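To start, the structure itself, in structure tokens.
In this text, all values refer to a predicted model and were calculated from it rather than measured experimentally.
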Amino acid sequence: LNAGVERTAEGLQRLLDEIGALCARHGEALPLTTARLLAEAALERRESRGGHWRLDFPGAAAEARRTLLSPAPAVSEAAE
């Protein structure tokens with residue numbers, strides 16, 4: 001719902017909060033990491049392009065740019 005075809009910063013942030021709560025309750029899992037990266041990338045893209053529409057940023061930028069994210073490295077208990 002919050003990362004559907006029509007998106008807003010508010011909805012994407014709500015999704016990130018939900019993903020964070022799920023991680024806190026159930027631990028990190030690849031599907032949650034994937035969902036978090038998708039939502040973070042969508043939040044960073046402040047334009048509408050292709051099949052996704054930002055209701056709060058309806059226009060397209062003059063040139064497309066890539067949004068690259070990577071997951072934060074896990075901190076081991078030994079390193080703490």
Value rounded to 0.5 Å, distance of CG in Leu55 from CD in Glu6: 5.0 Å
Could you go through Arg36 and Glu18, starting from their C-alpha distance and side-chain angles, then the distance that decides it, and tell me whether this counts as salt bridge (Lys or Arg N to Asp or Glu O under 4.0 Å)? CA-CA 10 Å; Arg36 184 176 66 245; Glu18 291 172 14; over 6 Å; no
First locate atom CD1 of Ile19, then atom CG of Asn2, and finally report the distance between them rounded to the nearest 0.5 Å. 9.5 Å
Starting at CG of Asp56, measure out to CZ of Arg7 and round the result to the nearest 0.5 Å. 11.5 Å
Side chains of Arg54 and Thr8 in contact at under 4.5 Å (non-hydrogen atoms): no
Indicate yes or no: at least one non-hydrogen side-chain atom of Leu43 is less than 4.5 angstrom from one of Gln13. yes
Nearest heavy-atom neighbours spanning Leu15 and Ala3: CD2-CB, 3.7 Å
Testing the basics here: between Leu16 and Ala39, what is the closest heavy-atom pair and its distance to 0.1 Å? CD2-CB, 3.6 Å
